[in-house]
J.: 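Pasting a structure here, questions to come.
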Amino acid sequence: MTTDRLMVLDLLVSVLAAAAWVGAGAAAAARRPRTAAALMAGALVASPARAGSVLALAGAGWWFVQEKVTIALPLLLTASVVAAVTAGPRLLAASRAASEAGRDAARSPAVVVPLLGAGYAAAAGPVQTFLLGYPAEPGSALILLAVVAGAVLLTWRAMTPRVPLLRAATAATAVAALAGGALTFLPAATAEAATPVAATAGAVAPATAEGGHDMPGHDMSTQASAPVRPVTDLRGPSAPAPGGTVRRFTLTARTATVTLSSGRKVAAWTFDGQVPGPPITAEQGDLVEVRLRNADITEGVTLHWHGYDVPSGEDGVPGLTQEAVPPGGEFVYRFVAAQTGTYWYHTHEVSDIGVRMGLYGMLVVKPRGSATTGVDLTLPVHTFAGTTVVGDHDQPVLQEVAPGTPVRLRLVDTDNTPHRFTLAGTVYRLVAVDGTDLSGPGPLSRAGLRLPAGGRYDLAFTMPSGPVVLRVDDRTEAVRLTTAASGPGHGPRHGTGNGAGNGSATDDAPGAERTAGPTARSDHPGDVTDAEDAAAAAGWPELDLTRYGTPASTPYTSRSRFDRRFTLVLDRGLALGDGLPIYAHTINGRAYPHVATQVVAEGDLVRLTVVNRGRDTHPWHLHGHRVLVLARDGRAPTGSPLWLDTFDVRPGEVWEVAFRAANPGLWMNHCHNLSHADLGMMLHLAYEGVTTPFHGGHGG
Ligand code: C2O
Ligand code: CU
């Protein structure tokens, strides 16, 4: 069973156990001893079963069970034993008696209180998992125990005025609650007062590295080993690389009404009045210079180069690398286009709203001197008010392409959630992910491509003689390429006879068994690439990127010696946000800005483990660095090395990635579901010695 399934199963068992205990108590109180006994029997099955489900889940890692093993399970099992021993015999006798006296006996406090108490204790488990999450800390555990004890005392007192030691028990409960509260809230409050993250002096809260040793103190102003550099000094050069040219752009952020291809108008926040913003294109080695102006975005705006490893001072993070540009202001970004491939830019100020409203555009860098041959389409997918839009098209992008023409489709997900793409009508290759070329990408057909929020896939193929259709989420037709002879209404229904695409679909797929695992349908052997069949495409299996392409050497592997290791456990829970407690998307139990900064030294080899024990998918995104995937759920990729800037950590998954700390600065490390980021799922990665003069506020 997958970890995700085990998590759901465990939750189910824990809820069942709680419901059975509470039900037994309620039935006893209602003078129904038989029902109560039956429910208690159920509870006595569900409670030990919970021990089993927790044990099974523990196989996926301590992160998934920590609070269950230390608190929920001991509480549940203890309360179950107490209830069975105290209430059990009385309840059995009462249900056998089947008399008025028996019915009255069932509602005695000696029966009802232990049963309901076990119910409260059992319910504490799921409540803890949902409200507190990982990790369970002594303070929150004490509060939880106090709540359970308080509920038991209240129930007892409601049933009889003669509760033994009521005063002492109440006092003990109150003391536990107060102590728990102090343990929970005092450290957070003092930490906030003492070390606002990346404060003016550049003192960043020291991260605790895994493996038992705390980082040495990281008060940057006293750090002798690294020279102190403000992030504002880490700017791009003013000249291109040899052979490159300077490319100048001006982008003006402003509100506008944008007209989509259908004529529909949407209110948007735009760069230059258009959505997406003007494309920024360059050749490798060029100097890109972008002047950002803000006309009327009152919230402020910045430009962040997603996936592009620019110098830190150009990274566009408000409060960290610059102040947000207010209306009437401007900021000039400069960087050398060192990486080739497909990237995008977007505002990082109130980015959840800003990006959603349209403040994004494409950044494409091609190798120097590479003449554009064939068709090269950049296809950012975005959701505007519930409508899937590709570029500014809310209808399919239609284009005629001569057979034999090389085609490249650059898919970009600018939304908060993943999109599934299918390409029908041709065999193709997934040649690049997040801007980096894959090694040995094999031919693909009949595959579903799941693109994480913020991620990019480049697809390449030679135009066949029939139509080619790109679909998003199995419903929206995003692109339809036709040859002159196979335009809408002209195309043959099934296959295209001797078309190159059809011919190669079955012959040219030796690598297909480790690609999408095609399941050839014997009823229509010729239709594997039939562009018209939308329903079939919906059933195409999802490509597993970790098994696609061929291995190649990498500068480091999971066996390398790592200088730092960090673990991020993603969850939901109550946490202190920017001032107030919120139901946050948490990292190691905390919400931004209270997540410990990860501190690295330039040159470090860093290993990052990202664990998702929640119910949401988290597209993880580190600024300024590509990461190499070492393993997902303990399994190393068997195909091409995967260099990513955004990787989807789905519920129950554990990702291990590595990067070389070779781009000094202060960087955001966050979930690219920007509403999750907004609810706390962000932290900083800071190089020793780098300081910021900015307020260190929301980070975007
Ligand atoms: Cu694409 Cu911090 O962002
Ligand atoms: Cu998330």
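In what follows, every heavy atom counts, from backbone to side chain, and hydrogens, waters and symmetry copies are set aside. Counting starts at 1 for both ligands and their atoms, following the listed order.
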J.: Any non-hydrogen side-chain atom of Phe647 less than 4.5 Å from a side-chain atom of Asp434?
T.: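 They are not in contact (no side-chain heavy atoms under 4.5 Å apart), so the answer is no.
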J.: Taking atom types as modelled, is there a side-chain donor on Thr383 or Asp415 under 3.5 Å from an acceptor on the other?
T.: yes
J.: I need the single residue from Tyr333, Tyr360, Tyr308, Phe271 that forms a ring pair (Phe, Tyr, Trp, His ring centres under 6.0 Å) with Tyr345. Which is it?
T.: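 For Tyr345, the ring pair (Phe, Tyr, Trp, His ring centres under 6.0 Å) test succeeds with only one of Tyr333, Tyr360, Tyr308, Phe271, which is Phe271.
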J.: At less than 2.8 Å, would any N/O/S atom of His621, backbone or side chain, sit next to atom 1 (Cu) of ligand 1?
T.: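 Checking atom 1 (Cu) of ligand 1 against His621, no N, O or S atom falls under 2.8 Å.
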J.: Only N/O/S atoms count here: what is the atom of His348 closest to atom 2 (Cu) of ligand 1 called?
T.: NE2
J.: Could you tell me the angle subtended at atom 1 (Cu) of ligand 1 by ND1 of His306 and NE2 of His346, rounded to 10°?
T.: 120°
J.: Mark yes or no for whether Arg613, through its side chain, and Trp63, through its backbone, hold a donor-acceptor pair below 3.5 Å.
T.: yes
J.: Within Cys671, is some N, O or S atom less than 2.8 Å away from the Cu ion (ligand 2)?
T.: yes
J.: Please state whether the rings of His676 and His585 are parallel, tilted or perpendicular, taking 30° and 60° as the class boundaries.
T.: parallel
J.: Among the N, O or S atoms that His618 has, which is closest to the Cu ion (ligand 2)?
T.: ND1
J.: Can you name the N, O or S atom of His676 that is closest to the Cu ion (ligand 2)?
T.: ND1
J.: Taking N, O or S atoms only and a limit of 2.8 Å, check whether His623 reaches atom 1 (Cu) of ligand 1.
T.: no
J.: Taking Asp544 first and then Arg635, would you say they form a salt bridge - that is, a charged N and a carboxylate O separated by under 4.0 Å?
T.: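 A salt bridge is absent here (no side-chain N lies under 4.0 Å from a carboxylate O).
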J.: Report the residue from His621, His304, His306, His382 that forms a ring pair (Phe, Tyr, Trp, His ring centres under 6.0 Å) with Trp344.
T.: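 Looking at His621, His304, His306, His382, the match for Trp344 under the ring pair (Phe, Tyr, Trp, His ring centres under 6.0 Å) is His306.
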J.: Among the N, O or S atoms of His672, which one sits nearest to atom 1 (Cu) of ligand 1?
T.: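 Minimum-distance N/O/S atom of His672 relative to atom 1 (Cu) of ligand 1 is NE2.
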J.: How about His304: does one of its N, O or S atoms come closer than 2.8 Å to atom 2 (Cu) of ligand 1?
T.: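 So His304 does not count as coordinating atom 2 (Cu) of ligand 1.
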